[in-house]
2 protein chains.
Amino acid sequence: MQGVTFSISQLAQEFDVTTRTIRFYEDQGLLEPQRDGQRRIYTRRDRVRLMLILRGKRIGLSLLEIRELFDLYDAASNDEPQLREFIRILSRKEQQLQEQLDDIRVVMGEISQIRSQCEKALDKQAGSKP
Amino acid sequence: MQGVTFSISQLAQEFDVTTRTIRFYEDQGLLEPQRDGQRRIYTRRDRVRLMLILRGKRIGLSLLEIRELFDLYDAASNDEPQLREFIRILSRKEQQLQEQLDDIRVVMGEISQIRSQCEKALDKQAGSKP
DNA sequence: CAATAACTTGACGTTTACGTCAACGTCAAT
DNA sequence: ATTGACGTTGACGTAAACGTCAAGTTATTG
């Protein structure tokens, strides 16, 4: 029993990125798929990693930051200072995310205000030529 | 009565960006301060714009997107298709922000899980050598 | 008046995150 | 045996968002 695997283009399709992108992530040390000869073979673990990479990007992490988190998470399982460092980084990031979330709320509030103003303006115009 | 104005370095200090950055925003059509001879003079309106630019950036807008929003907002006051376009863009961005917000919540949840695992691991280690 | 500080434009450099060829390997199907 | 789909490694290109000089201007202050 060898488990489910994926080709590079399968993953590319599924996550709507190019194969170039996936190889690039490998260059950056974010993925390390096995090989069958030359060809890359991706396990479910690799697939999860890719998901994490993309989610990390969506919340504004750089590839380098993502890599650092991966490295720490991989290496931290046994070493106390590493674990402490990991927790520190996570806390910091959590705080940043909270600030980002606040920003987003503010902007979304402003957007809805502006939009309702726009819509009022359109209503006036529509009413003026019946 | 001429109103409060600011120099480029005042704004740079206040918002913790370089003067280069502020001039760059002007190159990109995001700011257009008046001049006293050569020197740029910023009004409160310019200051507000800069605030909006920086907030836009924090939520992941590109300078180009920010510029488009400014342009639309400036030009849209009287023209119906422009207003509709403006509303469309705002709706789209609102949706993106909502997705980003969801992502952030997911990641923050994961972070707190991982962190509590780390802390448990540390407790064990601490307990093992009294 | 000379020095200093603050400002200007312009040009080139840098980093991140890929895109875009080019040239070649491999395997299945015709 | 060739075609076509899929994969591979380089190498170079690019867009965004500034940083970093360089070289000159203007204002003010001792």
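We use all heavy atoms of the structure for the numbers below, so side chains are in, but hydrogens, waters and symmetry mates are not. Convention: sequence-line order gives letters A, B, ...; per-chain numbering from 1.
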Please classify the nucleic acid contact of [X] as base, sugar-phosphate, or nothing, using heavy-atom distances under 4.0 Å.
X        : result
Arg40(A) : sugar-phosphate
Ser62(B) : sugar-phosphate
Thr19(A) : nothing

In whole Å, what is the span from the [atom1] atom of [X] to the [atom2] atom of [N]?
X        : N       : atom1 : atom2 : result
Leu64(B) : dA17(D) : CG    : C1'   : 13 Å
Asp16(A) : dG19(C) : CG    : P     : 11 Å
Leu50(A) : dC18(C) : CG    : P     : 11 Å
Ile22(A) : dG19(C) : CD1   : C1'   : 15 Å
Gln34(A) : dG7(D)  : CD    : C1'   : 17 Å
Gln28(A) : dA17(C) : CD    : C1'   : 8 Å
Ile53(A) : dC18(C) : CD1   : P     : 10 Å
Leu61(A) : dT16(C) : CG    : C1'   : 14 Å

Verify the contact: side-chain N or O of [X] to OP1 or OP2 of [N], cut-off strictly under 4.0 Å; return yes or no.
X        : N       : result
Lys57(B) : dA16(D) : no
Tyr25(A) : dC18(C) : yes
Thr21(B) : dG19(D) : yes

From [options], pick the nucleotide closest to the side chain of [X]?
X        : options                   : result
Arg35(B) : dA17(D), dC7(C), dT9(C)   : dT9(C)
Gln38(B) : dT26(D), dG19(C), dT26(C) : dT26(D)
Arg39(A) : dA17(C), dC18(D), dG25(C) : dG25(C)
Thr18(B) : dG19(D), dG7(D), dT26(D)  : dG19(D)
Phe24(B) : dG7(D), dA17(C), dA17(D)  : dA17(D)

Taking atom [atom1] of [X] and atom [atom2] of [Y], what is their separation to the nearest 0.5 Å?
X        : Y        : atom1 : atom2 : value
Leu54(B) : Leu50(B) : CG    : CG    : 4.5 Å
Tyr25(A) : Leu31(A) : OH    : CG    : 9.0 Å
Asp46(B) : Gln34(B) : CG    : CD    : 7.5 Å
Ile53(B) : Arg67(B) : CD1   : CZ    : 11.0 Å
Glu14(B) : Gln10(B) : CD    : CD    : 8.5 Å

field: Nearest-nucleotide 5' precedence on DNA chain D, Leu63(B) against Asp36(B)
entry: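 So the residue in question is Leu63(B).
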field: Heavy-atom donor-acceptor pair, Arg20(B) side-chain to dT20(D) base, under 3.5 Å
entry: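 Indeed there is one.
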message: Both conditions, 6.0 Å and 45 degrees, for the charged tip of Arg47(B) above the ring of Tyr42(B): are they met here?
response: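 Ring-cation test returns no.
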